[in-house]
Amino acid sequence: MAEQFDVAVIGAGAAGMMAAAVAGQRGRRVVLIDHAAHLAEKVRISGGGRCNFTNLGAGPANYLSDNPHFCRSALSRYTPRDFLDLIERHGVRWHEKHKGQLFCDDSAQDIIDVLVAECAAGNVAWRRPCAVAEITREGEGFLLATDAGLIRAGALVIATGGLSIPKIGATDLGYRIARQFDLPLVPTRPALVPLTFTAEEWAPFAELSGVSLEVDVAFGEGKARPRFREDLLFTHRGLSGPAILQISSFWQPGRSIELDLAPGTDVAEALVSGKAGNRQQVQNALAQWLPRRLAERWAEAAGLSGRPLADCADKALRALGQQLNAWQIKPAGSEGYRKAEVTAGGVDTRALDQKTMMAKAVPGLYFVGEVMDVTGWLGGYNFQWAWASGYAAGVTV
């Protein structure tokens, strides 16, 4: 005989626990199902173990989607301040790192503990670790065949996340469920991920692994193109750091990204205007804007290493400076889902109600969090979408 619940939530991550807690505290009988042995591992490892749990500036402009206005309603109805109020009621201490990014003072476990406590306040039943083998439509509800037996629910919330970091349990279950119910999917891709180059292309830079600096990074054309000022990190295989993670969500294979390695400085003008009588070697001049190893590599690549500025032609110095301020480089690929912080694409939000997260063609079926085609920037935005979308479903189911 099947257990009976009002709501079944599949996926006990950030969005799933939020939806379950909110629904449970409304008096709904909720069961929360998750296949993983460890609860909310993606929350636990986030933010270097301190969980960048939201961003004070989170708004629709900070999200990518084929349907960019979809996120507006949920974000406006559950804001970063709402989540702060929640965790402060539980005594969680937090701080702002920079650019509106909020972190726990102590540990990401604090956020997990809040969500678990909120689920307890809503009398949420847990089934974990527990895999879901089959879902069938049964009248106006759903019948789930699980490791824990049959579960019958009037509403079903899918909070299974994306494909990112498979070693901690990521699967494509949510996408399979969407396809089962004939919902469209936007093609998925790794996002917030390091970018890589072929070994041959990267050979001149591989020795710079570990070098970091603040840069401007951009993709595409025109004034409206995405552009970020963040730290860049050279690796053995390519580029990483917040700057690259940010732009990776926009990058398209076969296209170049543009890096300004000395943002705020016209390097060409500075080199040419300062060269008269200047016996400083080119690499030493560049080191005022670049880490020394990178300055030496750049001067060498330009054929100017060891030469005094005064002995260099204006044309050569201008070319060097212009390249530093607008380095065009074409990645060969990315580190893939194994290193991606999130998955872009997913369930097409045009098939969902923006206020409730329910599938328009399948009453009672909801999608929340990363499984949907809503992807935030780096810096707490994806967690805010988890809270907002989970809340939107939780107050409805």
Begin from the C-alpha positions of Arg81 and Glu88 and carry the test salt bridge (charged side-chain N to carboxylate O under 4.0 Å, His left out) through to its verdict. CA-CA 10 Å; Arg81 184 66 253 179; Glu88 286 174 348; 2.8 Å; yes
Evaluate Asp353 against Lys355 for salt bridge (charged side-chain N to carboxylate O under 4.0 Å, His left out), listing each step before the verdict. CA-CA 6 Å; Asp353 184 289; Lys355 292 184 178 180; over 6 Å; no
Should Asp172 and Arg176 be marked as a salt bridge (charged side-chain N to carboxylate O under 4.0 Å, His left out) after you check the CA-CA gap, both sets of side-chain angles, and the distance that decides it? CA-CA 6 Å; Asp172 66 346; Arg176 286 187 274 124; 2.8 Å; yes
Would you please test Glu201 and Lys330 for salt bridge (charged side-chain N to carboxylate O under 4.0 Å, His left out) and show each step? CA-CA 10 Å; Glu201 289 175 319; Lys330 185 186 296 183; over 6 Å; no
Hey, mind stepping through Tyr337 and Ile165 against side chain to side chain contact (heavy atoms under 4.5 Å, CB included) and telling me if it holds? CA-CA 6 Å; Tyr337 291 115; Ile165 320 182; over 6 Å; no
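In this structure a side-chain-to-backbone donor-acceptor pair under 3.5 Å is present from Arg128 to Ala37. One N or O on the side chain of Thr396 and one on the backbone of Ala392 form a donor-acceptor pair closer than 3.5 Å. At distances below 3.5 Å, not a single donor-acceptor pair connects side-chain atoms of Glu341 with backbone N or O atoms of Val193. Judged by distance alone, the side chain of Glu41 and the main-chain N or O of His38 form no donor-acceptor pair under 3.5 Å. With Lys99 contributing its side chain and Gly57 its backbone, the two residues share no donor-acceptor pair below 3.5 Å. Side-chain N or O atoms of Gln323 include none that pairs as donor or acceptor with a backbone N or O of Trp327 at under 3.5 Å. Checked by atom type and distance alone, the side chain of His236 never pairs as donor or acceptor with a backbone atom of Leu208 at under 3.5 Å. Side chain of Trp298 to main chain of Ala302: no donor-acceptor pair is present (N/O by atom type, distance under 3.5 Å, no hydrogens or angles). The closest donor-acceptor contact from the side chain of Asp147 to the backbone of Cys130 lies at 3.5 Å or more, if one exists at all. Checked by atom type and distance alone, the side chain of Asn52 never pairs as donor or acceptor with a backbone atom of Ser46 at under 3.5 Å.
Looking at every heavy atom in both residues, Leu352 comes nearest to Met372 through CD1-CE, 3.8 Å. Between Val92 and Cys104, the shortest heavy-atom contact is CG1-SG, 4.3 Å. Minimum interatomic distance between Tyr366 and Thr356 (heavy atoms only, all atoms of both residues): CD2-O, 3.2 Å. Between Ser249 and Ala191, the closest heavy-atom pair is OG-CB, 3.4 Å.
Once rounded to the nearest 0.5 Å, the distance linking CZ of Phe228 with CD1 of Ile244 reads 11.0 Å. With rounding to the nearest 0.5 angstrom, the CG atom of Leu192 is 14.5 Å from the NZ atom of Lys339. The line from CG of Leu259 to CG of Leu324 is 11.0 Å long, rounded to the nearest 0.5 Å. The CG atom of Leu239 sits 11.5 Å away from atom OG of Ser248, with the distance rounded to the nearest 0.5 Å. Note that CG of Asn62 and CG of Leu64 are 10.0 Å apart. Values are rounded to the nearest 0.5 Å. Interatomic distance, CZ of Arg292 versus CG of Leu290, reported as 10.5 Å (0.5 Å rounding).
Around the NE2 atom of His95, the shell of radius 6.0 Å holds more than 12 heavy atoms that belong to other residues, nucleotides or ligands. Counting heavy atoms of neighbouring residues, nucleotides and ligands inside a 6.0 Å radius, atom CZ of Phe234 exceeds 12 of them. Counting heavy-atom neighbours within 6.0 Å of Gln252 CD, excluding the residue itself, gives a total above 12. Atom CZ of Arg237 has 12 or fewer heavy atoms from other residues, nucleotides or ligands within 6.0 Å.
For the residue pair Ser73/Arg77, the side-chain donor-acceptor check at 3.5 Å is satisfied. Between the side chains of Ser212 and Asp231, no donor-acceptor pair is found at a separation under 3.5 Å. Neither side chain, Gln328 nor Ser256, offers a donor N or O lying under 3.5 Å from an acceptor on the other. Residues Arg29 and Asn123 bring no donor and acceptor atom of their side chains to less than 3.5 Å of each other. The closest side-chain donor-acceptor pair between Gln283 and Glu296, if any, does not fall under 3.5 angstrom. Defined by atom type and a distance below 3.5 Å, a donor-acceptor pair is present between the side-chain atoms of Asp82 and Thr79. Side-chain contact of Thr188 with Thr343: a donor-acceptor pair under 3.5 Å is absent, judged by distance alone.
Leu378 and Leu232 are assigned to two separate hydrophobic clusters, defined by single-linkage of ILVMFWY side chains at heavy-atom distances under 4.5 Å. Residues Tyr63 and Met18 share a single hydrophobic cluster, defined by chaining ILVMFWY side chains whose heavy atoms lie under 4.5 Å apart. In the hydrophobic clustering of ILVMFWY residues, with side-chain heavy atoms under 4.5 Å counting as a link, Val132 and Met17 come out together. Hydrophobic clustering, with ILVMFWY side chains joined whenever heavy atoms are under 4.5 angstrom apart, keeps Val347 apart from Val342. Cluster membership for Phe367 and Val186, using ILVMFWY side-chain heavy atoms within less than 4.5 angstrom, is not shared.
Salt-bridge formation is detected for the pair Lys275/Asp314: a Lys NZ or Arg NE/NH1/NH2 atom is positioned less than 4.0 Å from an Asp or Glu carboxylate oxygen. Glu3 and Arg152 are not joined by a salt bridge, as no carboxylate oxygen comes within less than 4.0 angstrom of a charged side-chain nitrogen. Using a 4.0 Å cut-off between a side-chain N of Lys or Arg and a carboxylate O of Asp or Glu, Lys42 and Glu370 qualify as a salt bridge. Arg279 has a carboxylate O that lies under 4.0 Å from a charged side-chain N of Asp311, or vice versa, which qualifies the two as a salt bridge.
Geometric assessment of Arg137 against the ring of Phe142 yields a positive cation-pi assignment under the 6.0 Å and 45° thresholds.
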Using a 3.5 Å cut-off and no angle test, enumerate the donor-acceptor pairs between side-chain atoms of residues 113-120 and protein atoms at least two apart in sequence or in another chain.
unit_1	atom_1	unit_2	atom_2	d
Asp113	OD1	Gln109	NE2	2.7
Glu118	OE1	Gln25	NE2	2.8
Glu118	OE2	His90	NE2	2.7

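Looking only at side-chain heavy atoms (C-beta outward), Leu233 and Val211 stay at 4.5 Å or farther from each other. Using a 4.5 Å cut-off on side-chain heavy atoms (C-beta onward), Asn67 and Val374 make no contact. Residues Thr160 and Asp34 are not in side-chain contact: their nearest non-hydrogen atoms beyond the backbone lie 4.5 Å or more apart. Side-chain contact between Leu261 and Leu213: present, with at least one pair of heavy atoms (C-beta onward) separated by less than 4.5 Å. For the pair Pro242 and Leu245, the minimum side-chain heavy-atom distance is 4.5 Å or more.
Using bins of under 30°, 30° to 60° and over 60° for the plane-to-plane angle, the ring pair Trp94/Phe53 lands in the perpendicular bin.
A distance below 6.0 Å separates the ring centres of Trp387 and Phe83.
Counting side-chain heavy-atom gaps under 4.5 Å among Ile, Leu, Val, Met, Phe, Trp and Tyr, the cluster of Leu143 also holds Leu150.
Residue Val9 forms a side chain to side chain contact (heavy atoms under 4.5 Å, CB included) with just one option from Val31, Leu32, Leu156, Val124, and that option is Leu32.
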